[in-house]
**Student:** 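Here's a structure for you.
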Protein chains: 2
Amino acid sequence: MTPRAGLDTDAVVATAAGLADAHGLDAVSLTRLARELGVRPPSLYAHVAGLPDLRARLAARGAAELADALRSAAAGRARGDALHAVAAAYRRYALAHPGTYQALQRAPDLEGGQAGAALVDVVLAVLRGYGLRGHRAIHGARAVRAALHGFVLLETREGFGLPLTVEESYRRLVAILDRGLSAA
Amino acid sequence: MTPRAGLDTDAVVATAAGLADAHGLDAVSLTRLARELGVRPPSLYAHVAGLPDLRARLAARGAAELADALRSAAAGRARGDALHAVAAAYRRYALAHPGTYQALQRAPDLEGGQAGAALVDVVLAVLRGYGLRGHRAIHGARAVRAALHGFVLLETREGFGLPLTVEESYRRLVAILDRGLSAA
DNA sequence: TCGATCCTCCTATAGTGATTAGGTTTTGTC
DNA sequence: GACAAAACCTAATCACTATAGGAGGATCGA
């Protein structure tokens with residue numbers, strides 16, 4: 001008689017991602033998510049282990065998607081070309097999926113998991129184009145991640161109060177990184 | 001008879017800051033804060049307007065402290081010297097007050113308030129030493145803030161899985177910024 | 001010193017969200 | 001069709017935010 005929603009973990013996480021991107025990560029409560037899915041809150045426990053687990057899955061999903069986007073952007077390019085493409089893809093993803101990106105932030109060690117490592121690998125691959133290996137590559141990767149992450153965060157959170165094109169600021173930041181990596 | 005805690009808004013916010021720095025921002029609940037202060041949760045409403053207000057005050061307090069620290073670091077220095085000093089002070093503050101720094105992040109528009117503007121001003125002052133004014137200074141300030149913010153965030157949140165000195169990575173990041181700003 | 005008043009803190013209470021326990025019905029398989 | 005697994009539900013608990021309204025200590029003028 002009852003239609004049954006026919007959920008599984010992926011569907012739950014996907015809906016949560018939509019909710020997060022549309023209304024912010026804080027809007028993702030089990031109660032609201034359940035309502036969205038036409039189900040009672042306790043039913044969600046059949047698919048996720050609880051709110052922390054849901055958030056972790058959201059982050060893992062986002063890291064995987066982001067890594068994919070970066071990989072695609074880097075494909076077939078090198079050096080500054082690759083760096084600009086990867087940077088653009090990074091920002092594009094974060095702006096298109098603000099809630100998911102937010103979830104990515106709050107993932108403490110989980111970022112250090114599978115998908116997180118994939119993210120680092122893409123950056124390292126780009127740096128190899130600059131001739132950077134070993135220690136130097138790692139320092140470079142940290143710098144690149146920090147810069148992109150920080151910029152996107154400031155943009156999405158605080159919004160850069162001043163009326164000056166954000167695109168241009170980003171382009172210049174990436175140019176600075178390019179110059180710095182070339183010199184290193 | 002009753003000893004009375006003798007609280008005021010500053011004391012409440014200060015204790016909240018201690019709690020946040022010691023156990024993370026999420027540990028700062030009115031219930032726990034009240035327990036910490038030897039008081040019942042409703043009593044806190046005499047000093048702060050609620051949890052959002054408390055968080056906002058935490059952020060404002062942090063922004064003011066951070067701006068002070070940066071101003072001190074910049075005093076009497078110029079260019080790369082000033083940049084390195086400010087960057088070091090920035091990271092030092094964030095590491096010493098992780099919970100407060102976390103609160104700073106979550107403050108949406110409040111960062112754009114008094115204390116937030118002071119923060120930007122310090123960076124702009126440093127950039128003036130590089131001969132940057134107007135648009136170029138703003139782009140530069142965004143780059144610097146993004147890089148420092150992003151680095152500190154990655155360090156405190158995810159911890160840079162790899163076993164390679166974080167200090168050295170930071171130093172190199174700042175060096176990249178220095179080079180980039182000099183060229184701009 | 002006496003008292004009016006303010007302010008701090010309290011109890012009581014409501015409401016929301018996460019989570020667990022334990023049962024019931026649908027779905028898939030033989 | 002019957003059995004087993006799994007999806008969902010109701011009921012209940014607990015932690016936390018928040019409001020309402022009251023009691024008592026502190027302060028200041030007389």
Side-chain angles (χ1 to χ4, degrees), chain A residues 1-61 99-100 102-103 105-108 110, chain B residues 1-61 99-100 102-103 105-108 110:
Chain A
M1 211 41 132
T2 318
R4 293 255 149 161
L7 297 180
D8 61 11
T9 301
D10 281 344
V12 169
V13 176
T15 302
L19 206 51
D21 290 336
H23 300 92
L25 185 57
D26 291 331
V28 180
S29 68
L30 292 181
T31 300
R32 180 153 183 191
L33 180 55
R35 189 167 28 216
E36 204 84 10
L37 290 165
V39 150
R40 302 294 180 151
S43 303
L44 296 177
Y45 284 81
H47 307 292
V48 296
L51 191 57
D53 178 54
L54 175 64
R55 294 220 179 101
R57 287 174 189 275
L58 220 45
R61 186 190 137 100
T100 302
Q102 208 176 340
Q105 273 189 259
R106 298 207 197 162
L110 301 153
Chain B
M1 216 31 135
T2 318
R4 294 253 148 165
L7 297 180
D8 61 10
T9 301
D10 281 344
V12 169
V13 176
T15 303
L19 206 52
D21 290 337
H23 300 92
L25 184 57
D26 291 330
V28 180
S29 67
L30 294 181
T31 300
R32 180 154 183 190
L33 179 55
R35 188 166 26 206
E36 205 82 11
L37 290 165
V39 150
R40 302 294 179 152
S43 304
L44 296 177
Y45 284 82
H47 307 291
V48 296
L51 192 57
D53 179 54
L54 175 64
R55 293 221 180 101
R57 287 174 189 276
L58 220 46
R61 183 190 139 101
T100 302
Q102 208 176 341
Q105 273 189 259
R106 296 208 200 161
L110 301 153

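So you know, we letter chains A, B, ... as the sequences are listed, proteins then strands, and number each from 1.
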**Student:** Could you list the donor-acceptor pairs under 3.5 angstrom formed by side chains in residues 23-51 of chain B, with sequence neighbours left out?
**Tutor:**
residue: B/D26; atom: OD1; partner: B/R106; partner atom: NH2; Å: 3.2
residue: B/S29; atom: OG; partner: B/R32; partner atom: N; Å: 3.1
residue: B/S43; atom: OG; partner: B/R40; partner atom: O; Å: 3.2

**Student:** When all nucleic acid strands are considered with a 4.0 Å heavy-atom cut-off, which category describes B/T31: base, sugar-phosphate, or nothing?
**Tutor:** base

**Student:** Take the protein atom CG of A/L33 and the nucleotide atom P of D/dC8, then report the distance between them rounded to whole Å.
**Tutor:**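 Distance, rounded to whole Å: 12 Å.
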
**Student:** Give every pair of a protein N or O atom and an N or O atom of nucleotides 18-20 of chain D that lie under 3.5 Å apart, one pair per line with the distance.
**Tutor:**
residue: D/dA18; atom: OP2; partner: B/Y45; partner atom: OH; Å: 2.9
residue: D/dA18; atom: OP2; partner: B/L51; partner atom: N; Å: 2.8
residue: D/dA18; atom: O5'; partner: B/Y45; partner atom: OH; Å: 3.0

**Student:** Expressed in angstrom and rounded to an integer, what is the separation of A/D10 atom CG from D/dA7 atom C1'?
**Tutor:** 16 Å

**Student:** Give the rounded distance in Å between these two atoms: CG of A/D8 and C1' of D/dC8.
**Tutor:** 15 Å

**Student:** Looking only at heavy atoms, which two atoms of A/A103 and A/A59 are closest? And how far apart?
**Tutor:**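 Smallest heavy-atom distance, with atoms named: O-CB, 3.6 Å.
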
**Student:** When you get a sec, tell me which of D/dA7, C/dC10, C/dA18 is the closest nucleotide to the side chain of A/H47?
**Tutor:**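 For the A/H47 side chain, the nearest candidate turns out to be D/dA7.
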
**Student:** Without decimals, in angstroms, what is the distance between B/L7 CG and D/dA26 P?
**Tutor:**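 Result: 14 Å.
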
**Student:** List the atom of B/A20, the atom of B/L58, and the distance in Å for their closest heavy-atom pair.
**Tutor:**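 For B/A20 and B/L58, the tightest heavy-atom pair comes out as CB-CD2, 4.4 Å.
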
**Student:** Nearest 0.5 Å, please: how far is OG1 in A/T15 from CG in A/L54?
**Tutor:**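 Output value for this atom pair is 10.0 Å.
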
**Student:** Describe the nucleic acid contact of A/S43 in one word from base, sugar-phosphate, nothing, applying a heavy-atom distance below 4.0 Å.
**Tutor:** base

**Student:** Give the rounded distance in Å between these two atoms: CG of A/L44 and P of C/dG17.
**Tutor:** 14 Å

**Student:** Could you tell me which residues satisfy side-chain hydrogen bond (donor to acceptor under 3.5 Å, both in side chains) with B/D53, sequence neighbours excluded, listed by chain and number?
**Tutor:** B/R57

**Student:** Rounded to whole angstroms, how far apart are CZ on A/R35 and P on C/dA18?
**Tutor:** 10 Å

**Student:** Could you tell me the separation between the CZ atom of A/R40 and the P atom of D/dA12, rounded to a whole number of Å?
**Tutor:** 15 Å

**Student:** Is any side-chain N or O of A/R32 closer than 4.0 Å to OP1 or OP2 of C/dG17?
**Tutor:** no

